[in-house]
Amino acid sequence: MKGATLDIELRLATENDADILATLMAEMDDEESAPAHASDSASVKAVLADMAQYPNFRAYLVFENKVAVASFTLMIFSSPSHHGAPQAMLDAVVVTPARRGAGIGETMIERALAIATEAGCYKMMLSSNLKRMDAHRFYERIGFTQHGISFAIALS
């Protein structure tokens with residue numbers, strides 16, 4: 001990454017931020033057909049409470065001039081692979097549409113990488129829906145490379 005220069009505030013999201021997160025999640029794909037739960041602050045609040053039960057799984061909010069403009073979740077965990085070295089999983093990455101292309105996403109990802117690096121992670125990974133081509137180009141531009149193929153199966 002080339003190094004972002006934006007002055008943004010990054011902080012952990014709390015259950016009191018459920019409305020803000022719900023709004024940002026609803027803006028993720030810019031579609032009217034966003035899932036109903038994406039804009040349900042009660043569901044977001046419940047998810048944040050659940051995430052708090054895990055030692056290293058948190059949601060973050062990004063503020064520019066005291067206005068929430070982006071968010072992401074980050075889970076740091078170990079597995080038997082790589083001798084138990086910690087790794088980071090980035091998820092629910094979103095920048096509000098009006099601020100996309102302004103460098104906020106790059107600055108935000110730099111901060112997430114710094115958190116993962118401080119935790120001793122050997123890699124950061126993320127998964128992105130196939131239809132999010134702009135996001136894919138963004139991730140590649142800032143240094144992510146496609147690694148493997150992601151598979152999923154609907155359980156409900």
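No hydrogens, no waters, no symmetry mates; every other heavy atom, side chains included, goes into these values.
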Exercise. Is the side chain of H136 donor-acceptor paired with the backbone N or O of N129 at a distance under 3.5 Å, no angle test?
Worked result: yes

Exercise. Checking side-chain contact (heavy atoms from CB on, under 4.5 Å) for the pair F57/T73: CA distance, chi angles, key distance, verdict?
Worked result: CA-CA 7 Å; F57 189 21; T73 63; 4.1 Å; yes

Exercise. With sequence neighbours left out, which residue pairs that include part of residues 94-125 fulfil the ring pair (Phe, Tyr, Trp, His ring centres under 6.0 Å) condition?
Worked result: H82-Y122

For this session: Go through R111 and M108 one step at a time and tell me if the side-chain contact (heavy atoms from CB on, under 4.5 Å) criterion holds.
Result: CA-CA 5 Å; R111 302 275 177 91; M108 175 175 69; 5.8 Å; no

Problem set entry | Contact check, side chains of L90 and I109, non-hydrogen atoms, under 4.5 Å | yes

Exercise. How far does CG of L74 sit from CG of L113, to the nearest 0.5 angstrom?
Worked result: 9.0 Å

Exercise. Any sub-3.5 Å donor-acceptor pair from R58's side-chain atoms to M51's backbone N or O?
Worked result: yes

Seminar exercise, completed: OG (S78) and CD (Q87) are apart, to the nearest 0.5 Å, by 7.5 Å

Exercise. Do V67 and V95 belong to the same hydrophobic cluster, where Ile, Leu, Val, Met, Phe, Trp and Tyr are linked whenever their side-chain heavy atoms lie under 4.5 Å apart, directly or via other members?
Worked result: yes

Problem set entry | Parallel, tilted or perpendicular: rings of F72 and Y60 (30°, 60°) | parallel

Exercise. In Å, rounded to the nearest 0.5 Å, how long is the span from CG of L10 to CD of E110?
Worked result: 12.0 Å

For this session: Linking directly or through intermediates, with side-chain heavy atoms under 4.5 Å: list the remaining ILVMFWY members grouped with L130, chain and number order.
Result: none

Exercise. Is K66 paired with E9 through a side-chain N to carboxylate O contact shorter than 4.0 Å?
Worked result: no

Exercise. So, do E64 and I104 sit near enough that their side-chain heavy atoms are less than 4.5 Å apart?
Worked result: yes

For this session: Mind listing the closest non-hydrogen atom pair of I76 and A88 along with its distance?
Result: CG1-CB, 4.3 Å

Problem set entry | Note, M124 side chain near M89 side chain (heavy atom, < 4.5 Å) | no

Problem set entry | From L21 atom CG to S71 atom OG, the distance as rounded to the nearest 0.5 Å | 5.0 Å

Problem set entry | N/O donor-acceptor pair under 3.5 Å between S150 side chain and S127 backbone | no

Problem set entry | Separation of T96 OG1 from I20 CD1 (nearest 0.5 Å) | 12.0 Å

Problem set entry | 4.5 Å side-chain heavy-atom contact, T14 and L48 | no

Problem set entry | Short N-O contact, D19 and K45, less than 4.0 angstrom | no

Exercise. When rounded to the nearest 0.5 angstrom, what is the spacing between CD1 in I8 and CG in N65?
Worked result: 11.5 Å

